[in-house]
Amino acid sequence: MGSDQANQTPYYITTPIYYVNDRPHIGHCYSTLIADVAARAQRLVGRDVFFLTGTDEHAEKVSKTAAEHDKTPMEWATINADRFKAAFEFMNFSNDDFVRTTEERHKAKAVEYITQLKDEGIVTLGDYEGWYDPSQEEYLTEMVAKENDFKSPVTGKPLEKRVEQNWFFDLPRYEPWLKERIDSGELRILPEARKNEVLGRLKQGLRAVPVSRKIKEGDADWGIKMPGDDSHRIYVWIEALCNYLTTVDNAERGQYWEGEVVHLMAKDILWFHAIVWPAMLHALGKKPPETVYAHAYWIAEGKKMSKSLGNFIEIDLLQAYAEKYSLDAMRWFLTTQGPLGANDADFAHARFVEVYNADLANSVGNSMSRVGNMINKYFDGTIPATCNGEFGFPNGSSLQTALTALDNAGKTVDDPSRTYHFPEFTQKAVSDAVDALGKMDLESMLDSGRSIVRHVDDFISYCAPFTLAKQLDTLGDGKHALESILYSCCEALRIASLLLSPAMPEKMAELWGNWNCDHLNNPEDPNSGFKAPLSELAAWGGGYSIKPDQEILKGEALFMRADVKEQPPETGRNS
RNA sequence: GGCGAGGUAGCUCAGUCGGUCAGAGCGAUGGAUUCAUAACCCAUAGGUCGAGAGUUCAAGUCUCUCUCUCGCCA
């Protein structure tokens with residue numbers, strides 16, 4: 001998609017719904033952050049976006065844990081769902097809804113879907129044979145059973161081969177359809193390595209998927225009954241997948257499913273999303289998703305996170321980082337350094353500080369600060385005139401003047417023939433960012449914003465406005481040249497800030513506040529939405545550009561340089 | 001065990017159809033500069049492109065063998 005015409009298709013992005021018995025940690029926050037950045041970027045581009053996250057609550061263990069805490073399953077689920085809501089609010093996620101699978105709106109629709117599949121003979125009764133762990137009352141996969149020498153991984157007691165009747169979804173009949181769909185790219189599986197993985201596994205053939213579990217004696221009344229069969233419940237996995245559709249399967253939100261649908265998740269649950277779910281949708285006569293994106297994992301200081309090591313990066317540590325370096329800096333680190341590709345990424349403190357200093361303090365923050373400072377110093381906070389951003393011969397009189405000033409000061413210019421074309425440069429950055437967004441390459445998208453910052457820094461070193469500023473009395477058109485140069489820096493950084501805003505909404509809104517940029521519906525609220533699509537906001541000399549009388553306040557530094565030697569922030573948790 | 005991905009500068013990684021492909025960013029070092037947050041700008045990495053063999057006028061880039069790491073297996 002080029003940059004000339006914005007994509008008007010509605011955009012629907014989802015995260016997995018999270019298991020309520022978990023405590024919110026970096027994994028949950030990362031998946032949801034990626035979705036948030038993509039959603040914010042798509043809104044910035046001007047699309048109608050719906051961003052969904054939520055909690056998966058009907059697992060058997062939830063009712064058990066609830067009992068251990070003297071709570072009803074619902075009370076327990078609510079306590080934990082609220083933890084996720086609080087964590088996500090802290091992360092400043094812009095989700096449009098938060099679905100809980102215990103909500104009636106979800107349950108009713110899920111029953112409807114399963115009923116339809118049953119009526120059409122796609123879900124039928126059959127025998128399920130598997131390795132059962134009596135001590136844990138759960139079935140293990142063939143692989144897990146084998147790895148543990150067919151003994152319980154928890155108690156070490158032998159597993160039992162058990163057969164029970166279940167309802168099955170006839171997945172094999174969709175094998176050709178799935179293969180064609182994935183091969184053709186209509187169903188896009190990202191990153192590429194994951195697509196190969198899925199196709200490889202598809203070659204080994206498909207089996208029917210159990211969609212129910214038999215209700216055992218003593219089970220709490222928890223979960224959704226299998227329609228037409230009170231002795232079974234809908235298997236939580238199947239029911240959970242349905243959330244993506246149940247939430248928007250109505251008159252008000254139906255357009256989102258018809259638009260572009262993107263499911264985002266960690267790699268462990270790719271199969272369900274890339275194979276089982278699209279096949280179910282196809283069986284239901286619904287359009288499958290356009291994109292299924294499976295990212296890898298975070299590890300902590302070079303080690304896998306595990307319960308036994310107790311090194312999970314939980315929400316409290318993220319809060320400590322946000323407290324010390326700002327929330328947006330933490331969002332930036334996770335987004336740009338995270339495992340968006342096929343490989344795991346390391347959350348290491350030293351790395352965090354490095355990236356913070358290099359990307360934010362030294363680059364974005366410093367550049368915005370130096371430009372704002374010069375405008376205050378030389379023009380008392382407002383630029384008297386705009387500039388078309390063109391600095392090249394033979395029309396580069398402003399640049400020529402600056403070089404003359406350098407010459408006067410006895411400074412040598414290594415290459416006096418350089419030219420700068422800011423409108424072209426910034427437009428290229430914007431269109432690159434939009435293209436990267438289309439590929440879910442958020443790192444590249446954000447780097448397009450940083451490329452403008454680098455360009456401005458380079459420009460400043462080259463034409464040295466601070467040297468020019470000292471010769472305003474002696475150079476006839478010195479003032480005009482200085483105005484043009486600083487205006488262009490300022491306007492370019494404004495455009496850069498738009499591209500950086502999906503990852504750092506608060507900090508960029510802070511800049512717009514300081515510089516009196518009129519991008520947001522409510523300047524006080526970073527989440528209030530943009531007044532216009534990116535193509536208009538980012539237009540050089542357009543309706544949202546820096547105006548001659550616009551006040552450019554210095555403001556506080558957005559990102560102060562951090563000391564590399566400082567210890568990681570404390571969580572306040574006793575560990 | 002089956003299928004798959006990968007081993008390229010200290011770190012994270014780019015390298016399309018084999019021939020400026022030996023690169024980028026970060027870190028480190030040196031220089032220049034002072035508007036700025038000891039920031040910015042410029043220069044510097046001589047790395048056997050995991051090991052060995054083969055194909056070719058020419059191979060990180062193709063073939064084979066070995067080795068190591070990793071992922072997926074409902």
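Letters A, B, ... mirror the listed sequences (proteins, then strands); counts begin at 1.
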Please report the distance separating the [atom1] of [N] from the corresponding atom of [M], rounded so that it comes out in whole Å.
{"N": "B:G2", "M": "B:C62", "atom1": "P", "answer": "24 Å"}
{"N": "B:G27", "M": "B:U33", "atom1": "C1'", "answer": "22 Å"}
{"N": "B:C17", "M": "B:G31", "atom1": "P", "answer": "45 Å"}
{"N": "B:C57", "M": "B:G18", "atom1": "P", "answer": "15 Å"}
{"N": "B:A22", "M": "B:U61", "atom1": "C1'", "answer": "12 Å"}
{"N": "B:C42", "M": "B:G7", "atom1": "C1'", "answer": "34 Å"}
{"N": "B:U63", "M": "B:U56", "atom1": "C1'", "answer": "12 Å"}

- Query: Looking at side-chain heavy atoms only, is the closest gap between A:L340 and A:Y30 below 4.5 Å?
  - Reply: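 In contact.
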- pair A:K179-A:P176: side-chain heavy atoms closer than 4.5 Å: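 Heavy-atom side-chain distance check fails, nothing below 4.5 Å.
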Which base sits across from [N] as a Watson-Crick or G-U pair, both distances under 3.5 Å?
{"N": "B:A53", "answer": "B:U63"}
{"N": "B:G23", "answer": "B:C13"}
{"N": "B:U48", "answer": "none"}

- Message: Show the nearest heavy-atom pair for residues A:M445 and A:A436, with the distance to one decimal.
- Response: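 Smallest interatomic distance, heavy atoms only, reads N-CB, 3.6 Å.
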- Task: Identify, with sequence neighbours excluded, every residue that meets ring pair (Phe, Tyr, Trp, His ring centres under 6.0 Å) alongside A:Y325.
- Result: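 Testing A:Y325 for ring pair (Phe, Tyr, Trp, His ring centres under 6.0 Å), a comparison that skips the adjacent residues, returns A:Y321, A:F352, A:Y356.
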